[in-house]
K.L.:
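My questions all concern the structure below.
The residues of the chain are indexed from 1 along the displayed sequence. As the structure is a computational prediction, the values presented were derived from the model and not from experiment.
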Amino acid sequence: MLLGQIEKYVDEKGYAGITLSANKYAPASDLYRKNGFLDCGHVLFMAKEMG
């Protein structure tokens with residue numbers, strides 16, 4: 001339901017799209033895929049763990 005509201009807002013504002021990040025091992029990634037989100041090869045997300 002929340003994703004639907006976000007998509008509606010983005011559409012109404014005329015934004016190009018939605019970008020999100022999630023841990024690929026988390027169950028949330030399956031939810032995003034079921035709602036039309038794709039793995040984007042052209043997007044680079046980097047992280048550095050400390051400690």
K.L.:
Between atom CD of Glu7 and atom CG of Leu2, what is the distance when rounded to the nearest 0.5 Å?
P.N.:
10.0 Å
K.L.:
At their closest point, which heavy atom of Gly17 faces which heavy atom of Val10, and how far apart are they?
P.N.:
O-CG1, 3.9 Å
K.L.:
Is it the case that one hydrophobic cluster holds both Tyr32 and Tyr15, taking links as side-chain heavy atoms less than 4.5 Å apart, direct or via other members?
P.N.:
yes
K.L.:
Kindly determine whether Leu3 and Phe37 satisfy side chain to side chain contact (heavy atoms under 4.5 Å, CB included), including the steps that lead there.
P.N.:
CA-CA 11 Å; Leu3 282 175; Phe37 286 82; 4.2 Å; yes
K.L.:
Under 4.5 Å between any side-chain heavy atoms of Lys34 and Leu31, yes or no?
P.N.:
no
K.L.:
Can you tell me how far apart CG (Asp11) and CD1 (Ile6) are? Round to the nearest 0.5 Å.
P.N.:
13.5 Å
